[in-house]
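Notes follow the structure.
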Amino acid sequence: MLDRPAESLRTFSTIGFPQSRRGKTNAAIAFGAIVLVVVLSITVPHFTRLRNVLAISEQLSFLGFLSIGMTFVMVSGGIDLSSYTVVSAAAVVGATAMASGTSPLLSCALMIVVGIGFGTVNGVAIAWGRMIPFIVTLSTMVLAQGFAIWYTHAESVSDLPSGYVNAISGRLVGLIPVPAIIIIGVAVIAEFVLSRTQFGRWVYLIGTNEHTARISGIPVALTQFFTYVFSGLMAAVTAMVLTAVLGTATTAMVQDDRLLDIIATTVIGGAGLAGGTGSVAGTMLGLLFLTVLDNAFNLLGVPPFIGMTIKGFILVGVIGLDVVRSG
Amino acid sequence: MVHRPIHLRMAGISKSFPGVQALDRVSLEVGFGQIVALVGVNGAGKSTLMNILGGVEQPDHGDIIVEGRKVGLHSPKDAGKLGISFIHQELVSFGSQTVAENIFMTHLFPNRIFPFFVSKTMANEAAQRYLGLLGVRMNPRSAVEDLSPGERQIVEIARALAMNAQLVIFDEPSSSLSIREKTALFSVIRRLKEEDKSVIYITHFIDEVLELCDRYVVLRTGRVHGEGFVRDVTKEDIIRMVIGRDLPPSVKAPATTAAKTLLRVEGLKSGTLVKNVSFDLNEREVLGLWGLMGSGRTELIRAMLGLDPLDGGRILYLLRDDLEPIAARDLLRECGYVTENRRADGLFMPQPVWKNITATSLERYASRYLRVLRVGRERTASREVVKSLRISGPGHEAAVENLSGGNQQKVVFAKWLSKRPKLLVLDEPTRGVDVGAKLEIGALIRDLARQGTATLLVTSEVEEMVSLSDRVLVLRGGMIVATLVGEDISSATLMGLALGSSMERR
């Protein structure tokens with residue numbers, strides 16, 4: 001190093017290291033998803049039919065918003081177990097308002113207030129209260145579930161205004177599902193924020209090393225707070241879409257076993273459980289992978305429990321891979 | 001006399017990684033009861049050579065001969081069976097367990113009556129025996145987390161002995177130790193020698209080579225650049241072999257008088273370790289804080305920068321034209337702070353070099369309203385800093401963890417310099433850094449001072465304190481007990497003050 005500084009400096013500027021871990025993972029996932037799609041379109045009847053493709057794109061959106069929210073939280077080094085029950089809490093509040101005559105716009109605003117409210121509780125407790133994310137969000141998960149049941153006396157809310165239901169569950173040009181368009185828009189914006197803005201960089205740096213971030217003058221608590229608020233906001237958006245598509249709001253909008261799917265899409269997409277890695281684009285690929293798999297099981301008539309077993313194995317494998325990766 | 005083969009011979013070892021020839025026909029010999037120093041800058045190939053000896057890496061070419069027999073080391077287990085034991089730089093111990101439990105981690109003693117249970121009494125007695133062998137008195141029942149770093153190291157050595165180690169490798173063992181602990185460690189290593197164990201001692205400190213070792217092997221860019229008996233060489237000889245050129249002369253600037261006061265600390269109190277500290281720091285000045293571990297020097301800095309609670313006193317800082325009170329948190333925002341542990345809170349290890357460098361000054365690259373980062377400008381700016389600090393390594397886009405220790409530390413400096421602070425706070429700025437990088441960092445500190453930066457310097461290395469500081473405050477028990485200027489700053493005075501205080505504490 002010392003006896004040939006000129007040489008080593010030259011090496012430094014010419015040889016790049018474009019292969020970031022994240023890039024490699026994304027490439028691998030994209031490859032996996034493409035292989036899966038090719039294999040399925042050859043082997044599974046009806047798979048490439050337009051109707052099925054559109055159905056997949058709609059299914060993508062149901063978990064997509066929550067996965068995007070989870071990506072922000074996990075890149076910053078945290079975890080949010082509560083978002084999927086916050087969906088129910090937000091949905092029942094908004095739907096009840098709509099059923100009793102409040103305008104859909106105002107009702108959607110109410111859903112956002114509920115979603116951001118739960119995100120704020122998580123964020124304050126974790127960022128400033130220095131409490132452990134896993135425990136805090138596990139508590140708000142139960143809290144949101146309990147709140148939804150208390151609010152509706154465990155009954156579902158229907159009789160929603162048809163304008164709202166049709167606007168979201170409808171199809172653009174009679175073809176493309178509206179939720180699919182919303183998820184693509186949100187994903188593009190989220191990817192941009194995470195990868196291109198100062199806030200996004202803060203999220204990555206905090207997830208990489210919180211202590212270094214604090215000493216470097218990065219507003220650690222504020223950034224962490226906003227990732228949880230964003231996750232709450234994504235839960236509210238999910239509530240809006242799901243309530244319209246299902247035509248009803250219940251106390252269990254998202255099934256319990258979907259929580260693992262949300263974490264899995266994020267991890268398949270390159271997010272490590274330790275923070276500092278992952279991307280929205282990767283998460284969307286992970287989501288595509290899982291959704292296509294679900295869809296194929298469906299078309300092939302694979303019994304649900306066998307499908308679950310296969311998925312379980314894949315998830316354990318992927319999370320195991322993350323442990324190996326982060327050594 | 002019975003002829004006895006040499007303990008260890010590594011002959012013609014070569015190893016290459018993609019793009020790097022890490023080792024090029026390196027040979028190393030260790031005789032029974034010999035202490036061999038392995039010296040070299042970071043990246044010279046020491047770690048690779050030792051990883052091969054530890055069975056972690058496989059050589060491309062070359063033989064390893066232990067007691068006259070050629071051996072294959074395919075895993076750390078193979079090395080362990082041959083009695084090769086590694087004392088790591090970062091200690092691996094179970095803090096909440098006792099000394100005895102740590103020593104006999106893998107082979108506990110069964111209880112005589114109920115073999116299913118472990119016998120603590122037997123373990124404690126045996127632990128005492130091994131500690132005695134090392135000439136150390138320590139309670140085997142005390143928890144390891146209550147021990148000092150030096151004592152923990154001795155527990156590790158005892159563990160190596162308990163696992164029947166014949167050849168013990170030390171990887172920069174003294175870098176986290178106080179002067180007294182270092183003396184204790186050296187006497188333990190000499191005891192190993194008396195027990196006919198062999199030792200390979202990896203270090204940056206040439207003084208330690210002269211004091212402790214019998215032979216030395218100098219590695220540079222993967223080749224042996226000198227070896228022999230320590231008694232035949234001087235300190236300067238070894239330094240020349242290590243860095244491949246002569247030492248530059250000291251670069252201290254003449255004392256400046258007209259400089260303005262940048263920072264004033266008045267009656268600072270924090271916790272039990274900072275009792276009542278006041279001082280001024282001027283522009284263009286390097287102010288040293290000297291004291292033993294536990295004298296409150298790191299704690300003073302942390303309290304001053306708002307990282308620990310402040311229990312009293314105030315801080316004034318030169319804003320515009322006057323000294324004005326400033327909150328500790330805001331002072332952290334104004335200054336550059338090189339912490340004593342770059343791994344813990346100095347760097348974002350898995351992130352690329354340029355993202356580390358711009359982390360402190362992101363607002364400069366962000367657009368006005370949407371705060372979109374201009375990544376191209378970030379890369380250009382950090383490339384300039386990389387060039388001016390002569391940071392070398394696998395690349396600008398590579399993760400910092402792939403750089404050598406010295407270059408990592410330069411990235412820490414680059415990170416702060418990209419913020420262009422008027423105040424630099426340096427806590428052990430050259431810890432775990434090789435001789436060459438140490439000199440470069442020292443020159444950089446003086447250079448910055450000449451350009452107007454005010455620097456607060458904490459270091460446990462006497463030479464560094466003497467060569468870099470314009471003024472030295474001596475801390476003891478959380479208070480300033482002496483101020484040294486000019487000629488008074490000498491290694492003899494500083495050592496005397498440090499040792500004096502250690503005796504007073506007893």
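Per chain, numbering begins at 1; letters A, B, ... match sequence-line order.
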Using heavy-atom distances under 4.5 Å, tell me whether [X] contacts chain A through its side chain, its backbone, both, or neither.
X: B/T339; result: side chain
X: B/L332; result: side chain
X: B/V372; result: both
X: B/E334; result: neither
X: B/K415; result: side chain
X: B/L370; result: backbone

pair [X]-[Y]: side-chain heavy atoms closer than 4.5 Å:
X: A/W128; Y: A/L222; value: yes
X: A/F72; Y: A/V280; value: yes
X: B/Y365; Y: B/R379; value: no
X: A/I206; Y: A/T227; value: no
X: A/M284; Y: A/E191; value: no

### Task
Report yes or no: do A/T137 and A/N122 form a side-chain donor-acceptor pair below 3.5 Å?
no

### Query
Which residue out of B/Q351, B/M349, B/R329, B/R374 racks up the most heavy-atom pairs below 4.5 Å with chain A?
B/Q351

### Message
With chain A as the partner, which of B/A366, B/G346, B/S367 has the greatest number of non-hydrogen pairs under 4.5 Å?
### Response
B/G346

### Task
Take the angle between the ring planes of A/F226 and A/F199 and call it parallel below 30°, perpendicular above 60°, tilted in between.
perpendicular

### Summary
Per-residue tally against chain B (heavy atom, under 4.5 Å) across A/T208, A/N209, A/L205, A/T212 peaks at A/T212

